[in-house]
2 protein chains.
Amino acid sequence: MKQKKNVTFNDIAKYTGFSKTTISRYFNNPDSLTLENQEIISKALVDLDYKENKVAKILANGQTEFIGVIVPNLHNHYYSEMLNQILQTYEQFGYKFLVFVGNEHADTERKYIEELMSYKIEGLIILSFTIPSRELADLHLPIVTIEREDKYVCSVNTDNYMGGVQATSLLASHNCDILIHINTPTSPEIPAYGRIAGFEDVCREKNLRHKVIYRDLGSTYDSMKKSLSEILDELEKDYPTEKKGLFISSDTHANVFLNLLIQRYGTLPRDYYLVGFDDSPISTEAVIPISTVGQHIDQIAFEAVSLLVEQMNERKKRRPAPLEKTVHKVITPYLIRRETTEKDS
Amino acid sequence: MKQKKNVTFNDIAKYTGFSKTTISRYFNNPDSLTLENQEIISKALVDLDYKENKVAKILANGQTEFIGVIVPNLHNHYYSEMLNQILQTYEQFGYKFLVFVGNEHADTERKYIEELMSYKIEGLIILSFTIPSRELADLHLPIVTIEREDKYVCSVNTDNYMGGVQATSLLASHNCDILIHINTPTSPEIPAYGRIAGFEDVCREKNLRHKVIYRDLGSTYDSMKKSLSEILDELEKDYPTEKKGLFISSDTHANVFLNLLIQRYGTLPRDYYLVGFDDSPISTEAVIPISTVGQHIDQIAFEAVSLLVEQMNERKKRRPAPLEKTVHKVITPYLIRRETTEKDS
DNA sequence: TTGTACGCGTTATCAC
DNA sequence: GTGATAACGCGTACAA
C-alpha cells in the first residue's frame, strides 16, 4: 500500500541503540535525557530523515488538536473573513481546523458534526444557525457559537445593540427629520436583533420620528434591487420633503439602495443619509463610500478560539471541570463615518 | 483523561458474542455476514450507542481521507469562493479538508505543509503561489495546483488566453478606436499571463490600435484609486476624442476605474467601454453593472479534486502507478455582457 | 461464514 | 536516566 515505509521510533531506536521509549522522551521530555544522547538522537533523525506521525500520536494520547468548524456558506464576506481569522489562530494555539460548509441545511450539518466527532475533534465552532443550541449542548463537547442563537452554549457576538445605537446616533446627529431602519424580520433570539432594539431605543429616548421597515429582501441582487426600489418609492411618497436618515441592515443592501438613488438622481440627494452594517468591502468600493458599523472580526475569531481552548484545557485536567455557566462574550463594534453621512463637510 | 470511555469493537464483540473481526466486517464487508447476524450487530450498535473512531481506522489502514489545502488568503473573493466549492466536493468524494491560510509567506507555508504531512494527508491542493512547483513535486504526494505556476505538478486553470480573447473581441465588436489593457506586471509562467497574450493576439490579428499598461496598483483601495486615477489622466490626455475600449485585469480594479469616471462625469462617458475579469460580486453590485469574464469556479474546484482523487486512487493500487506526465486541465471561461459595454442598446 | 493473532506508530506505566 | 511492556481502536492475513 504505502509508497515507502515511514521511518518510525523503532527505526531510530535500532539505529541509535536506545529504546523506543527514549526516542519518545526526546520529543516530549528532552530534559530527561543527557545532552549527549539528545545530540545522538538529533543526528539520527537527520540521518534517517524522520517525519513525525501525528495520527499515531493521537491514537496513543487522544489529543487530535482538531477543531471542527461549520459555516453556512463562504459567499458572504462576513463568513469568509471570519473563517480567515479563525484559521489564522493556528499561529497562537496550534489547533488545526476541519471545515464544513453547511448550506443552511440542518440534516446535512448534523451529518457533518457526526463526521467531525468520528475524527475526535476537541472542540467545535458553529457559525451556522440551523441547529438549535439546545441540541449542540447535548454533544457534550466544547462549543463556541458566533453570532447566532446561543442560549445553551458558549458564544462570542458583536454588541449589536451598541451597533444600532452608534448608527442611529450618527443619523440623529445630522438632524434627520425621520429615521428609518430597514431590516429583514428578525427573531429576538439572535444577536442581530440588537440592531433593531438599539435603533428603537435611541429614537424613543431622543424622541425622534422613526420607522422600522421589515421586509425580506431575498438573496439575489435582482430581488434586493426590486424590494428596495419599492421601499424607495414608498419613502419618496411618504416623506417627500423630509431629511431622511436610513440605517440599513447590511452594506450590501445599503449599496443597492445607494445605486438606486444614483440611477434616479445622478448623485446622492441631500435629503438622504445612509448607514450600512458590517464594514464589508462593498462599503468602501461603492460609488460613494458608505458609512457603516464594523464588526471586529479578528477579535471575535480570536475570542472564540480562546474560549474554546479554555474549555478544552479544562477537559484535560484530572478533576474534569467546575463547568460554570455558559459564557457569552460580547465585542463592541466601531462606527465608520463615510460620505453617505458626512457629505462635503 | 477521556470523559467516558468510548464504545469499541471489543465491547460490541463481547455484547454480541462475536469476535472483533466480525464486527469490523460488519462495517467493511457486510455481505460476508448472514442477514441474521447483521441484525444482531446492528441492534447492538444502537444499544451501546457506538460511535465510529476514524483515527483508529486511519492508523490501521493508512487512509486518512484528508486533503490539505493552502490558500493565500480569504479576503479575495476568488479564493474564498474556490475554497467554498472545494469544500462542497465532500458530498461527492468524502474527503475532508485541512485548510491553511498562507498569507503569501513561503516559509510559513512550508511549515504548514510539514504539519499537513504529519497528519498523513493523502493529497494537497495549492492555490498559493510562493512555493515553486519544482519543490512541491519533491513532496512525492498527489498534488493539484490551481491558477499558479505549475510546471512540475498537475493543475487546473482557467483558459486565460481565451478569456483575454473574449474580452478583447467584445471591445473590438464595439468598434473602439483604441484598445487598452491594464494589468500588473505578470510573469509568463503563471496562467493569468494568458489574458495579456490573448489581448495582444486579437489586437494584432485584427490590426487594431492598442496598448498594454503595466502598473502595480497596490492592494488597498486608496492605492488602486490613486494609480488608476493617474492612468485615467494619461488616457484623457493621449486619447481625448477616441472611443476607448478598456480591458482591466480584475473587476475590483474595473469598479474603481468606473467610480472615478462617474465621479468625474456623473455617468459613464459614451467614449469609454469597460470589461473586467472574474465575475466577482462587485461586477454586479457596481453602480453600472460591469461586463466581465467569469471563471467557472465550481468546475475548476471539481476538476481539481477529481484529478487529485485519481492520483490518490492510483497510489492505492498494488502496482503503484504508470505515473504519466503531469496533467494540466484547462477550463474555458464565459463572457458576460453588462452595461459598461452594452450601453442603452 | 467466523475467529486468531498481529500490526499500525505513538504514549503511559511501571520497573530498574 | 533508561527500558520493557501494555495500551489506543481498528484492519487484515491466515486459519478453521
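Lettering follows sequence order; numbering is per chain, from 1.
The stretch residues 143-153 of chain B participates, sequence neighbours left out, in no salt bridge (charged side-chain N to carboxylate O under 4.0 Å, His left out) pair at all. Contacts classified as salt bridge (charged side-chain N to carboxylate O under 4.0 Å, His left out) and involving residues 84-95 of chain A (residues at least two apart or in different chains) are given here: Glu91(A)-Lys111(B). Sorted by first and then second residue, the salt bridge (charged side-chain N to carboxylate O under 4.0 Å, His left out) pairs with a member in residues 132-146 of chain B read Arg110(B)-Glu135(B), Arg134(B)-Asp138(B); sequence neighbours excluded. Residues in residues 18-34 of chain A take part in no salt bridge (charged side-chain N to carboxylate O under 4.0 Å, His left out) pair, two or more places apart or across chains.
Under the side chain to side chain contact (heavy atoms under 4.5 Å, CB included) criterion, Thr34(A) pairs with Glu36(A), Asn37(A), not counting sequence neighbours. With sequence neighbours left out, the side chain to side chain contact (heavy atoms under 4.5 Å, CB included) criterion links Met117(B) to Ile113(B), Leu141(B).
Separating the NZ atom of Lys120(B) from the P atom of dG9(C) is a distance of 8 Å, rounded to the nearest angstrom. Straight-line distance from the OH atom of Tyr26(A) to the C1' atom of dT10(C): 17 Å, rounded to whole Å. Per the geometry, CG belonging to Asn61(A) stands 12 Å off C1' belonging to dA7(D), to the nearest Å. Atom pair Phe9(B):CZ and dG9(D):P shows a separation of 12 Å (rounding to whole Å applied). Residue Asn10(B) contributes atom CG, which lies 13 Å from atom P of dG3(C) at whole-angstrom precision. One atom, CD1 of Ile58(A), and another, P of dG9(D), lie 13 Å apart when rounded to the nearest Å. Going from atom CG of Asn6(B) over to atom C1' of dA7(D) covers 15 Å, rounded to whole Å. With rounding to whole Å, Leu59(B) atom CG is found 6 Å from dG9(C) atom C1'.
A salt bridge is defined here as a Lys NZ or Arg NE, NH1 or NH2 lying under 4.0 Å from an Asp or Glu carboxylate O, and Arg315(A) with Glu122(A) fails to meet this definition.
Checked against a 6.0 Å centroid threshold, the rings of Tyr15(A) and Tyr50(A) do not count as neighbours.
Taking only side-chain nitrogens and oxygens, Tyr50(A) comes nearer than 4.0 Å to OP1 or OP2 of dT10(C). Within the 4.0 Å cut-off from OP1 or OP2 of dG11(D), at least one side-chain nitrogen or oxygen of Asn28(B) is found.
Nearest nucleotide to the side chain of Ala56(A), out of dC10(D), dT11(C), dG9(C): dG9(C).
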Ignoring hydrogens and angles, write down the donor-acceptor pairs under 3.5 Å from the side chains of residues 300-307 of chain A, residues two or more places apart or on other chains.
unit_1	atom_1	unit_2	atom_2	d
Glu303(A)	OE1	Lys329(A)	NZ	2.7
Ser306(A)	OG	Phe302(A)	O	2.9

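Heavy-atom distances under 4.0 Å link DNA chain D to Ser32(A), Leu33(A), Thr34(A), Asn37(A) of residues 29-44 of chain A, given in residue order. Taking every heavy atom of residues 14-25 of chain B and every atom of DNA chain D, pairs under 4.0 Å involve Lys20(B), Thr21(B), Ser24(B), by number.
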